[in-house]
Amino acid sequence: MTDNQRAAVARGWASSRMDQASYALLHGIKPRTLRQWVLRWAPTAPADVRALTIIEQAIRDLQALHDAVSANVACHPAKQHQEPEHEEPVHPPSASPARRPAALSNAETIVAPPPPKKRAFEW
């Protein structure tokens with residue numbers, strides 16, 4: 001193979017979405033050889049370029065989902081929100097009301113204690 005052919009194989013793997021072992025087998029070379037060719041002729045894009053590509057695809061997917069949901073909502077008449085006449089309990093009633101946890105207000109938060117620190121090995 002010429003260098004141009006090797007470079008084409010290496011660049012082809014980068015866009016093939018195949019694992020290196022399968023792609024190498026397909027082209028009659030060893031996976032190690034393919035890795036060497038990829039390092040020499042098909043360097044990967046910088047991490048920020050790959051991240052931007054992933055983010056842009058996610059934005060396109062989310063926009064399509066948003067448009068689909070918006071179109072579905074537009075097909076239905078709006079419903080008026082009505083407040084319930086009585087407050088429903090946060091927790092279902094239990095056999096023992098004394099054991100039922102109290103409802104939390106929005107101002108309260110539950111904070112778990114930090115995990116114990118691991119100590120270094122000691123003799």
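Here the CG-CG distance, from Leu25 to Leu34, works out to 11.5 Å after rounding to the nearest 0.5 Å. Here the CD-CH2 distance, from Gln20 to Trp13, works out to 4.0 Å after rounding to the nearest 0.5 Å.
When atom types are taken as modelled, the side chain of Ser70 and the backbone of His66 share a donor-acceptor pair closer than 3.5 angstrom.
Every residue was checked against the side-chain hydrogen bond (donor to acceptor under 3.5 Å, both in side chains) condition with Ser16, not counting sequence neighbours, and none meets it. Every residue two or more places apart in sequence or in another chain was checked for a salt bridge (Lys or Arg N to Asp or Glu O under 4.0 Å) with Asp67, and none qualifies. Applying the side-chain hydrogen bond (donor to acceptor under 3.5 Å, both in side chains) test to Gln57 and every residue at least two apart in sequence or in another chain returns Arg60, Asp61.
Pairs of residues two or more places apart, or lying in two chains, never qualify as side chain to side chain donor-acceptor pair (under 3.5 Å) while including a residue from residues 28-38. Sorted by first then second residue, the salt bridge (Lys or Arg N to Asp or Glu O under 4.0 Å) pairs that include residues 3-12, not counting sequence neighbours, are Asp3-Arg6.
Think of Ile55 as one node in a network of Ile, Leu, Val, Met, Phe, Trp and Tyr side chains linked at under 4.5 Å; its network also takes in Ile59.
Residues Leu39 and Ile29 do not share a hydrophobic cluster, defined by chaining ILVMFWY side chains whose heavy atoms lie under 4.5 Å apart.
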